[in-house]
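For reference, the structure is listed below as structure tokens.
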Amino acid sequence: MYKAPVEEIAFTLKHVAGLAPALEGGHLGDLTDDLVDAILSEAGRFASEEVAPLGAIGDVQGARLVDGGVKMPDGWPALYRAWAEGGWNSLTASPDFGGQGLPHMLHVAALEMWNGGSMAFAIGPTLTIGAVEALAAHGSDHLRRTYLPKMVSGEWMGSMNLTEPHAGSDLGVMKTRAERRDDGTYRIFGQKIFITYGEHDFTDNIVHLVLARLPDAPAGTRGISLFLVPKFLVNEDGSLGARNDAYCHSIEHKLGIHGSPTCTMIYGDGRFGDEPGAIGWLIGEENRGLACMFTMMNNARLAVGMQGVAIAEAATQKAIAYAKERTQGKAPGWQGSGQGSGMSPIIEHPDVARMLLTMKVLTQGARAITYACAHAVDMAHGEEARHWAERASLLTPIAKSFATDAGVDVASLGVQVHGGMGFIEETGAARLYRDARIAPIYEGTNGIQAIDLVTRKLPLSGGSHVRGFITELHAIAARASAANAPELGETGPRLETAIADLEAATEWLLATLADGQQAEALAGATPYQRLFGLVLTGAYLAKGALADGGDGRNAGRAALCRFAAENVIGETAALRDRVVSGAASLEAARVVLE
């Protein structure tokens, strides 16, 4: 059973990602170290004791379409109500609407724990929090007053409606249309697919944020507007009114996250209301909807990264527990009696230990990267706002992609550690693998994240920001070398070599883009994204090993850091070669795809 790693989360937040110096510098208002610990402790308790026990039930039962509505798994509606009553939906929201105004770092730490308990459960509240952010940033005063208090409290939930059957990730060709009405509202007509938590029985109202196109809108993404379309209209006194002309037509049968309803939503076919058309209200300006939605999507990308971290942590915990109990063969040097006739626990076998340590490295690295990204988001609201905003922009695609790839890789290794028992549903290892697989796909596939990283984020400030960041990484490697600590082994030199690979690949990409050779740069975008993530993993593990968290675990952190440096991050040399030299062979090989 999953147990939230509260101590490791707190250490990473404070001593690797930057929470401790931010607290000491007074950058986070009245937040104190004690309050941080109290929030993390209670979040961990709730995730371990309340969410995790219902995860398997959600997987087996799934969300079910019954009489035009979605029935959630047994126990889940009560679980959601307990979660909302605990105030977890309001952590980062503005106090003006009932929120607690806490840093984003605490939000993502809590998200890791909810997702560790059940990814299928946690994704619903995650989307509501994103909808709150978009509405708070771009909605009119009337919309904010009407919807935000109940969305912040969790009394109502939200959803994000982008994708259509023919469009996929290309929103520029979407067909959902909006028609203006004289009373200032709009009528929405169209179909949306893959809408997570588009319908459920957690709350009595659902606030849909829907992208649609006006009749006179420009072509492409420049002509998209964003609308608020509630399931039930809201009366002037705040009570629920008539059913809006929007409903869930069907739900998908998926590889994983079975408890999460993935809906096909129909808007405006006349099923409800006096006339066809779902009633909606404009958020932001006409034809500027994508910019508004990106407020929600950028933080949603980090939230999806947290799903990868959470699945990786849960899979690692499960695999280590199994490896300690399962006996098979006799490991080299094994002297214990074990169970059966002198067999070793499989954790004693070198290859199993290698897999488990790789799982821990990828998990810890993904956690540090995502938390560092959240720290940058928080710091972007204070001094040196531009620096931290650029850091958040640079880290977001890496946090989403590296962490979700790690979730899949670690969950796959978890199945391998379990052997045949991992391939059947009894152990739960398979569920984690199935759940993990969606995360590299949604909120912008990891390939799209790589395009964003290379073409939009590397050139920030003419490339000076990424160069400055690499300089910071060099400093961490230098500290590791200067420590001259036997327990760190070759960490310093190996990390320096990996950073040099990152630096060379970065300079090649910047020069290639400057020469207008975008296709050549994009051929290496995904390898570059992984290269960056591995370097950050090595650097952040070294930073943690060099820190004194006061929890007596530094010896273990140093050992894991050394394993990462000497067994995992050496892949950067091959990745650098793929970035710099892979474009020509990729283009030549296209012939085999014809």
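Side chains are part of it too, since the values below use all heavy atoms of this structure and drop only hydrogens, waters and symmetry mates.
- For Asn161, the side-chain hydrogen bond (donor to acceptor under 3.5 Å, both in side chains) partners are Ser159, Tyr267, not counting sequence neighbours.
- No hydrogens or angles considered: nothing links the side chains of Gln518 and Thr455 as a donor-acceptor pair under 3.5 Å.
- At a threshold of 4.5 Å between non-hydrogen side-chain atoms, the residues Asp245 and Ile279 do not count as touching.
- Side chain to side chain, Asp269 and Tyr247 meet the donor-acceptor criterion of an N or O pair below 3.5 Å.
- At least one test fails for Arg144 against the ring of Phe97: distance under 6.0 Å to the centre or angle within 45° of the axis.
- Counting non-hydrogen atoms of neighbouring residues, nucleotides and ligands closer than 6.0 angstrom, the CZ atom of Arg288 reaches no more than 12 such neighbours.
- One distance of note links CE of Met379 with NE2 of His27; it measures 4.5 Å at 0.5 Å rounding.
- What you find for Ala110 and Leu91 is that their closest heavy atoms are CB-CD1, 4.1 Å.
- When all heavy atoms of Asn287 and Ser225 are compared, the closest pair comes out as N-OG, 2.7 Å.
- A distance of 12.5 Å separates CE of Met119 from CE of Met306, quoted to the nearest 0.5 Å.
- Note on residues 382-405: pairs passing ring pair (Phe, Tyr, Trp, His ring centres under 6.0 Å), not counting sequence neighbours, are His375-Trp388, His387-His465.
- Residues His107 and Ile129 have side chains in contact (heavy-atom distance under 4.5 Å, counting atoms from C-beta outward).
- Within 6.0 Å of atom CG in Asp237, more than 12 heavy atoms from other residues, nucleotides or ligands are found, so the atom counts as buried in its surroundings.
- Residues meeting the side-chain hydrogen bond (donor to acceptor under 3.5 Å, both in side chains) test with Ser90, sequence neighbours left out: Gln100.
- Nearest heavy atoms, Ala380 versus Ala389: CB-N, 3.7 Å.
- Of the possible donor and acceptor atoms, none in the side chain of Gln191 sits under 3.5 Å from a partner among the backbone N and O of Pro165.
- A donor-acceptor pair under 3.5 Å is absent between the side-chain atoms of Asp452 and the main chain of Pro397, judged by distance alone.
- Applying the side-chain hydrogen bond (donor to acceptor under 3.5 Å, both in side chains) test to Tyr528 and every residue at least two apart in sequence or in another chain returns Thr506.
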Checklist entry - Does the pair Met113 and Leu40 meet the rule for a side chain to side chain contact (heavy atoms under 4.5 Å, CB included), with working shown? => result CA-CA 9 Å; Met113 293 186 262; Leu40 295 178; 4.0 Å; yes
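- Legend: residues meeting side-chain hydrogen bond (donor to acceptor under 3.5 Å, both in side chains) with Asp405, ordered by chain and number and at least two apart, are Asn446.
- Using a distance-only test at 3.5 Å, with no hydrogens or angles considered, a donor-acceptor pair links the side chain of Thr128 to the main chain of Gly158.
- Glu50 and Arg45 are joined by a salt bridge, as a carboxylate oxygen and a charged side-chain nitrogen come within less than 4.0 angstrom of each other.
- Of the inter-residue distances, the one linking Ile206 atom CD1 with Met157 atom CE reads 7.5 Å to the nearest 0.5 angstrom.
- The side-chain heavy atoms of Pro261 and Glu199, taken from C-beta on, include no pair separated by under 4.5 Å.
- Within a 6.0 Å sphere centred on CD of Glu236, other residues, nucleotides and ligands contribute 12 heavy atoms or fewer.
- Between Leu453 and Leu394, the closest side-chain pair of non-hydrogen atoms falls below 4.5 Å.
- Side chains of Gln529 and Ser401: a donor on one and an acceptor on the other come within 3.5 Å.
- Summarising the geometry of Ala278 relative to Ala246, their closest heavy-atom pair is CB-CB, 4.4 Å, with the distance given to 0.1 Å.
- In terms of modelled atom types and a separation under 3.5 Å, the side chain of Arg177 and the main chain of Phe189 share no donor-acceptor contact.
- The cationic group of Arg243 lies under 6.0 Å from the six-membered ring centre of Phe232 and within 45° of the ring axis, placing it in a cation-pi geometry.
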Checklist entry - side chain to side chain contact (heavy atoms under 4.5 Å, CB included) between Leu211 and Lys192: does it pass, once the steps are laid out? => result CA-CA 9 Å; Leu211 290 179; Lys192 298 289 186 178; 4.1 Å; yes
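- Between Trp156 and Pro230, every side-chain heavy-atom pair lies at or beyond the 4.5 Å cut-off.
- In terms of modelled atom types and a separation under 3.5 Å, the side chain of Lys400 and the main chain of Gly444 share a donor-acceptor contact.
- No more than 12 heavy atoms of other residues, nucleotides or ligands lie within 6.0 Å of CG in Asp274, so this atom counts as exposed by the packing criterion.
- Summarising the geometry, atom CG belonging to Asn205 is positioned 8.5 Å from atom CG belonging to Leu233; distances are rounded to the nearest 0.5 Å.
- The number of heavy-atom neighbours closer than 6.0 Å to CG of Asp30, taken from other residues, nucleotides and ligands shown, is 12 or below.
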Next on the checklist: Under the criterion side chain to side chain contact (heavy atoms under 4.5 Å, CB included), I'd like the reasoning laid out for Phe469 against Glu390: C-alpha separation, chi angles, the key distance, then a yes or no.
Outcome noted: CA-CA 11 Å; Phe469 191 21; Glu390 291 191 351; over 6 Å; no
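- Under the 30°/60° scheme for interplanar angles, the aromatic rings of Trp114 and Trp88 are found to stand perpendicular.
- With hydrogens and angles ignored, the 3.5 Å screen pairs no side-chain donor or acceptor of Thr526 with any backbone N or O of Gly447.
- In this structure the side chain of Leu513 never reaches within 4.5 angstrom of the side chain of Gln517, judged on heavy atoms.
- Between Arg301 and Thr396, the closest heavy-atom pair is CB-CG2, 4.1 Å.
- Counting only distance, with no hydrogens or angles, the side chain of Asn89 and the backbone of Ala84 share no donor-acceptor pair below 3.5 Å.
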Identify all side-chain donor-acceptor contacts of residues 435-443 below 3.5 Å with residues at least two apart in sequence or on another chain.
unit_1: Asp435; atom_1: OD1; unit_2: Ile257; atom_2: N; d: 2.6
unit_1: Tyr442; atom_1: OH; unit_2: Gln307; atom_2: OE1; d: 2.6
unit_1: Tyr442; atom_1: OH; unit_2: Gln307; atom_2: NE2; d: 3.2

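- Judged purely by atom type and a 3.5 angstrom limit, Ser118 uses its side chain to pair as donor or acceptor with the backbone of Phe121.
- Within a 6.0 Å radius of CD in Glu285, other residues, nucleotides and ligands contribute 12 heavy atoms or fewer.
- Residues Ile398 and Lys457 fail the side-chain proximity criterion, which asks for heavy atoms closer than 4.5 Å.
- With hydrogens and angles disregarded, a donor-acceptor distance shorter than 3.5 Å links the side chain of Arg213 to the backbone of Gly220.
- Here Arg81 contributes atom CZ and Phe202 contributes atom CZ; the two are 9.0 Å apart, rounded to the nearest 0.5 Å.
- Residues Glu112 and Arg367 are paired through a salt bridge, judged by an N-O separation under 4.0 Å between the basic side chain and the carboxylate.
- Side-chain contact between Thr262 and Lys254 is present, with heavy atoms from C-beta onward closer than 4.5 Å.
- Salt bridge Glu275/Arg181: present, at least one basic N to carboxylate O contact under 4.0 Å.
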Item to check | Working for side chain to side chain contact (heavy atoms under 4.5 Å, CB included), residues Lys231 and Asn244 | outcome: CA-CA 5 Å; Lys231 176 180 177 179; Asn244 207 353; 6.0 Å; no
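- Taking a 6.0 Å sphere around CZ of Arg180, one finds it holds more than 12 heavy atoms contributed by other residues, nucleotides or ligands.
- For Arg64, the CZ atom is densely surrounded, since the number of other residues' heavy atoms within 6.0 Å is greater than 12.
- The shortest non-hydrogen separation linking Met105 to Ala17 is CE-CB, 3.7 Å.
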